[in-house]
Amino acid sequence: MSSTGERSYRGASAPERVRRRRSQLIDVALTAMAENRWRSATVVRLCAEARLNKRYFYESFTDLDTLASAVIDEVAAEVGDAAVTAYKNSIELPLADQARAAVDAVVGVLGTDPRKALVLLGGVADSPTEHARRTDAMTGLTAILVDHARSIHGVELEYDSLASTAPAFVIGGTAQAILSWVNGTAPIGRKQLVDDISALWLAVGESAAGIARSRLETTQPSNSAI
């Protein structure tokens, strides 16, 4: 016989019901954050929007800050997973196709649900806690691009400062481009957006590798006889 905590209710176990309620709260919080209503949000109001009793809030979150962090973490994880999966599935393809697959995956997540783009990419005002969490999330996404760049371009980007600054530059520019598209200030279709960002990724990557290579060559000792 199952324990009381594991008994099902309407076909769902206790842990599954907790996960569902957590997802409901994250969804309404995502909406509130995207609509710039977060600073006036309260536990009572969010629970009412989620159609949940207030007590259910505290089974998953200690306060509004932990809920906001969970929202950002979930979106960042979804974007990161999509990009990594796209890279893995296209690893045998030419570099241009790899870049396009990754960009398309990221745009697919953030473009399908503009709330996620606004919250993750900084399109809305936030608190210091949310800003710090978003910075951590974007640093993680940059790290993914750093690892990929090193695997593609090799030793010339291994020790050069561009190994860090170029991916950060690309991530920042990509974020702004997607935000402009989501907000309607970049009136182009999704395919064109993906093509443009992919082309810029490749251009920056190739240029960064070239600069790093030239720096490496100028610092290497001459082989000429003394």
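In this structure, the side chain of S214 engages the main chain of I211 through a donor-acceptor pair within 3.5 Å. Side chain of Q24 to backbone of R51: no donor-acceptor contact under 3.5 angstrom is found.
Under the side chain to side chain contact (heavy atoms under 4.5 Å, CB included) criterion, I188 pairs with W181, Q192, L193, D196, not counting sequence neighbours. Remark: V182 engages P114, A117, I178 in a side chain to side chain contact (heavy atoms under 4.5 Å, CB included) (not counting sequence neighbours). Not counting sequence neighbours, D97 has no partner by the side-chain hydrogen bond (donor to acceptor under 3.5 Å, both in side chains) test. By the side chain to side chain contact (heavy atoms under 4.5 Å, CB included) test, T66 is found to be paired with F61, T62, D63, residues two or more places apart in sequence or in another chain being considered. Taking the side chain to side chain contact (heavy atoms under 4.5 Å, CB included) definition, one finds that V84 meets it with K88, I144, sequence neighbours left out. Shown here are the side-chain hydrogen bond (donor to acceptor under 3.5 Å, both in side chains) partners of R45, two or more places apart in sequence or in another chain: there are none. With sequence neighbours excluded, the residues forming a side-chain hydrogen bond (donor to acceptor under 3.5 Å, both in side chains) with T174 are W201, listed by chain and number. Partners of K54 according to the salt bridge (charged side-chain N to carboxylate O under 4.0 Å, His left out) rule, which considers only residues two or more places apart in sequence or in another chain, do not exist here. By the side-chain hydrogen bond (donor to acceptor under 3.5 Å, both in side chains) test, D113 is found to be paired with R115, residues two or more places apart in sequence or in another chain being considered. Scanning for salt bridge (charged side-chain N to carboxylate O under 4.0 Å, His left out) contacts around R22 gives E74, with sequence neighbours left out.
The salt bridge (charged side-chain N to carboxylate O under 4.0 Å, His left out) contacts involving residues 174-186 comprise nothing, where partners must be two or more places apart or lie in separate chains.
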- Query: salt bridge (Lys or Arg N to Asp or Glu O under 4.0 Å) between R37 and E49: does it pass, once the steps are laid out?
  - Reply: CA-CA 13 Å; R37 294 188 289 108; E49 291 180 20; 3.3 Å; yes
- Task: Show your reasoning for whether side chain to side chain contact (heavy atoms under 4.5 Å, CB included) applies to Y56 and V18.
- Result: CA-CA 8 Å; Y56 289 128; V18 171; over 6 Å; no
